[in-house]
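The structure under discussion appears below in the form of structure tokens.
Atoms within a ligand are numbered from 1 in the order they appear, just like the ligands themselves. As a basis for the values below, the full set of heavy atoms in this structure was taken, side chains included, without hydrogen atoms, waters or symmetry mates. This one's a predicted model, so the numbers in the text were calculated from it and none came from an experiment.
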Amino acid sequence: MSDSTLIPIIEHSAMLVGQAVPRACLNDMAKEIDRAGEQEELASLVQRVWKAGRLDGLPKPLENPDAPDCPFLARDPQHGWCVAVSRNPDGSWLAQASAGGKVSIDAAAAQCLSIPAREVVAGSTTRSLDVIWQTVGKYRSVFAEALLATFLINFLAIATSIYSLQVYDRVIPHNGYQTLFVLTAGVVLATLFNVVLTQVRGTILDKTSTLIDQELSEWFFERALGIHLSFRPKSVGTLSSQIKGLELVRGVMSSASLFLLADIPFAFFFIYIIYLIGGLVAVVPLIFFFISALSGILFLWKIKKYTQLNQGQSNRKVGLLVESIDSIEMVKANGAEFELQSRWNALGNEAAEVDDKLKRYSVLPGNIVSFLSQMAYVALVCFGAYLVTLHQMTMGALIACSIISGRILSPLGQLPGFMMRWGHAKSAIQGLDQLLSLPNELDDRAHALIPGHLEGQLRVEQAVFRYDREISALEVANLDIRPGERVGIIGSIGSGKSTLLKLASGLYRPAAGRVLLDGMDISLISPRVLRQAIFYLPQDIHLMSGTLRDNVLQGLPDPGDEAILEAAKKTGLFELVRQHPKGLALPISEGGRGISGGQRQAIGLTRMLLAKPQIILLDEPTASMDAGTEALLVATLKEVVSQGATLLVATHKSALLPLLDRLLVMKGGKLYMDGPRDAVLSRLSGQG
Ligand SMILES: Nc1ncnc2c1ncn2[C@@H]1O[C@H](COP(=O)(O)OP(=O)(O)OP(=O)(O)O)[C@@H](O)[C@H]1O
């Protein structure tokens, strides 16, 4: 069994359903494969490896896979492990083979297994801290072991002081060389054990915090993607810094911080040991511990105040940076660099002041604690020496106590730094809470409607839509679009054409009224079903970094290059593929720079042909196309709609009109005219 390909195929399958295998789990997965016995069922092996990869759900055997089961895992006798992505017209399955490339497989001859999607926890919680605790809670056994190790490490730490006590009080006065050797060997062993334990504890905790980190970042990213577009925060910069805030939370959860918190309570343990060894002298570290803790606490509220201010400023700076980079072409063309520079400088000035204060309040308590810890040592030696002269304490005990005292205050010295990280993390948590409080598609999944078949009938009832919650961008009392109808939306700029398409796509929700698809409220239909049934091509087409193939196929199973090229020939995209030496692998940079407006539209339309949707919503699909490409596209759209798809297209171009049988005219966000194409055109020309 060539199971060396199982891990990459599981990684690939997981990716297709929105899951990811944490790198830290790859070894565990390989171990599960090594453990496989000759007689083991394939399903059980895959399930064990899947589990070791810490992926949600468990792959289950599929007897007779059907199209909705795609993608699914298949072990084909000829091609080995594959991921089936779609069904071929002849009933076989198009699959991605582990060796690379597309193959056709026969599901009856292969062993097939489902690929479970990421489990979505309906976000009944709007508190990110709850989510963080729940995730951390899954690893509580690891933290309990680390706590035990911390206890042992601290316990072993007193070995050197006990050693000094014995050497000064027992060995030296009695020339006990044998005892000295035994004690020295013992303390060396204890120190070695301590180092090993500390190393193991660090490694385990770091691995765990990486896993927690990955799980949390996936969770929050998924939530961020799930936010309903109508409620999406306006500033991209603020949104990105809110999500990035998770890294600040991670800083607090690092092993160094966790050890620090675990070490502080041990101060009392060490004070107790000092009391056992030196008696009354334990009062000195006890007093200094409280003075140091108090001086740290005094600065805490200042640190809290300035970290919050600092966080807000940093969000605004990221916002301005993202906006500037995004619109740099326009800014340069308008010669407006200096305006941005002065906004940046003003933000920098504000931030510098707060930064200064924050640094002062986080460094000062550290210095105070370090001063107090030196004073504690001096006071302990001074008071201890006095007790030694009174014969209430031995020399050895004094030296042992002074060694232990060093460990009591040192964690307190790091506390202000931790508090600053915590302050940043807290404001990051507030930002994440804001994100979680926004309406999210993921929360609707549990009760989403999953219709088996959609006809493609759209209905708008008393719909009102507002972008900025005050002025209505669209008010449509009644609109019915029958399945298979070809409807054009025309009207002057800003009249609401794009907004109507956005509502019809289900990506945006009306503030009042409803949009219905086949009689069902579109907001109640599962987003997955909706996206499969409705294709929406926006006016501004954003491309993602990757290849041309990635952008054409975004969200679709790969039907193979032949099918992509066939579609590309019908939209004018083939020219771009043909001209470039890399063809479909043509690299596309972030935001699709270097790809013209017309080419972007061709990419979107090629995707539409591959997606085969029931409802097609196009916003100015030929706005950037030359007459030749536009004619090609009109012919293609004619062919597509002749197969029964519903078409709704907003356009300013007359070339698309012959394709349509009905026209809607928008004016000031309202439906001004609605009727058969020619009747509407003649009424409009009569008005003109
Ligand atoms: N993201 C947005 N935020 C706030 N207001 C918006 C937004 N998008 C559009 N609008 C406003 O909504 C109204 C309708 O805009 P819409 O884009 O639907 O018009 P349109 O008819 O498609 O215009 P065009 O022909 O220029 O594309 C306009 O007044 C516009 O300013």
Rounded to the nearest 0.5 Å, what separates atom [atom1] in [X] from atom [atom2] in [Y]?
X    : Y    : atom1 : atom2 : value
I588 : L543 : CD1   : CG    : 5.0 Å
L637 : K570 : CG    : NZ    : 11.5 Å
R127 : Q134 : CZ    : CD    : 10.5 Å
L129 : D433 : CG    : CG    : 7.5 Å
S217 : I212 : OG    : CD1   : 12.0 Å

Could you list the atoms of ligand 1 found under 4.0 angstrom from a heavy atom of [X]?
X    : answer
H652 : 25 (O)
T499 : 14 (C), 15 (O), 16 (P), 18 (O)
A473 : 12 (O), 13 (C)

What protein heavy atom lies closest to [atom]? Include the residue and the distance to one decimal.
atom                    : result
atom 25 (O) of ligand 1 : K497 NZ, 2.7 Å
atom 23 (O) of ligand 1 : G494 N, 2.9 Å
atom 6 (C) of ligand 1  : Y467 CD1, 3.1 Å

Under 3.5 Å between some N or O of ligand 1 and some N or O of G496?
yes
Polar proximity ligand 1 side, S498 side, N/O cut 3.5 Å exclusive:
yes
Can you see whether T571 engages T606 through a side-chain donor-acceptor pair at a distance of less than 3.5 angstrom?
yes
Indicate yes or no: does D480 engage R459 in a salt bridge with an N to O separation below 4.0 Å.
yes
Would you say R343 has more than 12 foreign heavy atoms packed within less than 6.0 Å of its CZ?
no
Contact between ligand 1 and Q539 is defined here as a heavy atom of the residue under 4.0 Å from a ligand atom; is it met?
yes
Sub-4.0 Å heavy-atom approach of S495 to ligand 1:
yes
Sub-4.0 Å protein heavy atom next to atom 31 (O) of ligand 1:
no
